[in-house]
Amino acid sequence: SKLTPESLEKDPANKLYGRGARVRLSAEQMRDQGLCISGQLYEKMYGPSVFPYQPKGIWLSPWNGADWVKSEGNEQYRRALYTYWKRTAPYPSMMTFDGVAREVCTARRIRTNTPLQALVTLNDEAYIDMSRYFAYKMQDAGKEVKQQISKGYEMALYKTISAEKLAVLMKLYDESLQKFKKDKDKTCEMIGVDNEHNNPETAAMVVVANAILNLDD
């Protein structure tokens with residue numbers, strides 16, 4: 001998106017693919033990107049819709065008693081294109097990111113920027129789950145915490161992290177680590193299950209992974 005004097009001289013009408021305006025990702029792209037970066041994206045194509053995580057009480061069908069039953073295994077990690085859609089109760093996180101209810105024809109989506117979007121990606125169980133698996137990948141990238149965070153940033157953004165950003169994320173890790181060391185229940189809650197990942201170090205890395213997935217970049 002950056003315009004240099006050279007590119008302006010070579011392509012003043014912006015007809016080439018060298019640059020383009022910065023745009024926010026769509027609701028579906030937000031989910032797919034998180035799944036891809038975390039390594040959880042299930043690339044199976046075609047077939048019926050799936051039911052990824054959704055909080056209880058949103059999908060109410062008093063006339064037939066139907067309930068949202070979360071898909072098991074890899075099916076819940078399919079692209080957002082395959083998420084089951086009900087016009088009277090659309091998938092909430094996608095609506096927050098300007099997805100459409102499909103009740104009427106929509107020529108184009110209007111992009112918004114609200115605090116609710118950050119609340120979704122920081123707190124929604126689906127995004128926390130992505131952050132967990134992303135953190136596991138980061139820990140596999142090296143023994144030192146700085147190396148893990150640097151590699152995670154590179155995996156997400158395809159560029160090297162700056163010293164300033166690394167310092168901020170290291171501070172976030174250290175502060176989170178101290179809190180999790182004092183609270184075993186919070187540690188287990190952040191990891192989600194009681195397994196080999198249930199330790200303060202991994203829980204702190206999940207917080208960092210979630211922050212990386214929430215960067216404006």
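Residue numbers count from 1 along this sequence. Heavy-atom basis, side chains included; hydrogens, waters and symmetry copies ignored.
- His197 has its side chain out of reach of Val206: every pair of non-hydrogen atoms, C-beta onward, lies at least 4.5 Å apart.
- Look at Arg79 and Asp32 and you find a salt bridge, because one of the NZ, NE, NH1 or NH2 atoms lies within 4.0 Å of a carboxylate O, short of that distance.
- Linking Ile, Leu, Val, Met, Phe, Trp and Tyr residues whenever their side-chain heavy atoms come within less than 4.5 Å leaves Val120 and Met95 in two separate clusters.
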Let me see the working for Asp140 and Lys151 under salt bridge (charged side-chain N to carboxylate O under 4.0 Å, His left out), right down to the final yes or no.
-> CA-CA 10 Å; Asp140 290 337; Lys151 187 61 178 178; over 6 Å; no
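- No more than 12 heavy atoms of other residues, nucleotides or ligands shown are found within 6.0 angstrom of NZ on Lys179.
- Of all the heavy atoms in Arg108 and Ile110, the pair that sits closest is NH1-CD1, 3.5 Å.
- Contact check on Arg132 versus Glu125 returns a salt bridge, with a Lys/Arg side-chain nitrogen under 4.0 Å from an Asp/Glu carboxylate oxygen.
- Looking at every heavy atom in both residues, Ala209 comes nearest to Ser131 through CB-O, 3.5 Å.
- Contact check for Tyr91 versus Pro52: side-chain heavy atoms found under the 4.5 Å cut-off.
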Determine, step by step, whether Asp185 and Glu189 satisfy the side chain to side chain contact (heavy atoms under 4.5 Å, CB included) criterion, reporting the C-alpha distance in whole Å, the side-chain angles of both residues, the deciding distance to 0.1 Å, and the verdict.
-> CA-CA 6 Å; Asp185 292 336; Glu189 184 179 3; over 6 Å; no
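- For the pair Tyr136 and Ile191, the minimum side-chain heavy-atom distance is below 4.5 Å.
- In this structure the side chain of Pro55 reaches within 4.5 angstrom of the side chain of Tyr53, judged on heavy atoms.
- Without hydrogens or angle criteria, Asp98 side chain to Arg109 main chain gives no donor-acceptor distance under 3.5 Å.
- To the nearest 0.5 angstrom, Cys188 atom SG is 4.5 Å from Asn198 atom CG.
- Classification of the Trp68-Tyr84 ring pair by plane angle, with boundaries at 30° and 60°, yields perpendicular.
- At distances below 3.5 Å, not a single donor-acceptor pair connects side-chain atoms of Arg24 with backbone N or O atoms of Asn113.
- Cluster membership check: Ile37 shares its hydrophobic cluster with Leu25, using side-chain heavy-atom separations under 4.5 Å among Ile, Leu, Val, Met, Phe, Trp and Tyr.
- Leu172 and Val168 are assigned to two separate hydrophobic clusters, defined by single-linkage of ILVMFWY side chains at heavy-atom distances under 4.5 Å.
- Separation of atoms OG (Ser7) and NZ (Lys2) is listed at 12.0 Å; rounding is to 0.5 Å.
- One hydrophobic cluster holds both Ile149 and Leu215 under the rule that ILVMFWY side chains link at heavy-atom gaps under 4.5 Å.
- Here the side chains of Leu169 and Ile161 are in contact, with some heavy-atom distance below 4.5 Å.
- No side-chain donor-acceptor contact under 3.5 Å links Ser71 to the backbone of Gln76.
- Taking the charged nitrogens against the carboxylate oxygens, Lys159 and Asp217 do have a contact shorter than 4.0 Å, which makes a salt bridge.
- One N or O on the side chain of Gln148 and one on the backbone of Gly142 form a donor-acceptor pair closer than 3.5 Å.
- Checking side-chain atoms of Lys146 against main-chain N and O of Leu166 turns up no donor-acceptor pair under 3.5 Å.
- Although no hydrogens or angles enter the test, the distance criterion places no donor-acceptor pair under 3.5 Å between the side chain of Asn74 and the main chain of Gln40.
- Defined by atom type and a distance below 3.5 Å, a donor-acceptor pair is missing between the side-chain atoms of Tyr127 and Asn214.
- The distance from the OG atom of Ser176 to the CE atom of Met205 is 10.0 Å, given to the nearest 0.5 Å.
- Residues Gly152 and Phe134 come closest through the heavy atom pair O-CZ, 3.3 Å.
- Remark: the backbone N or O of Asn199 is not paired with any side-chain donor or acceptor of Thr202 at under 3.5 angstrom.
- Scanning both residues, Met170 and Val145, for their nearest heavy atoms gives SD-CG1, 3.7 Å.
- Smallest separation of non-hydrogen atoms from Pro92 and Ile58: CG-CD1, 3.6 Å.
- Between Asp174 and Gln178 there is no side-chain heavy-atom pair separated by less than 4.5 Å.
- Under the 4.5 Å side-chain criterion, counting only non-hydrogen atoms from C-beta, Trp85 is in contact with Pro90.
- No more than 12 heavy atoms of other residues, nucleotides or ligands sit less than 6.0 Å from atom NZ of Lys186.
- In terms of modelled atom types and a separation under 3.5 Å, the side chain of Thr121 and the main chain of Gln117 share a donor-acceptor contact.
- Put simply, SG on Cys36 and CE on Met155 are 11.5 Å apart, with the number rounded to the nearest 0.5 Å.
- Phe51 places none of its side-chain heavy atoms less than 4.5 Å from the side chain of Glu75.
- Leu122 belongs to no hydrophobic cluster, as no Ile, Leu, Val, Met, Phe, Trp or Tyr side chain comes under 4.5 Å of its own.
- Residue Leu81 belongs to a hydrophobic cluster whose other members are Met45, Tyr46, Val50, Tyr82, with links defined by side-chain heavy atoms closer than 4.5 Å.
- Transitive grouping of hydrophobic side chains (ILVMFWY, heavy atoms separated by less than 4.5 Å) keeps Leu116 and Val100 in distinct clusters.
- How far OH of Tyr153 is from CE of Met138: 12.0 Å, rounded to the nearest 0.5 Å.
- The heavy-atom pair separating Thr187 from Asp183 by the smallest distance is OG1-O, 3.0 Å.
- The distance from atom OG of Ser150 to atom NZ of Lys165, rounded to the nearest 0.5 Å, is 12.5 Å.
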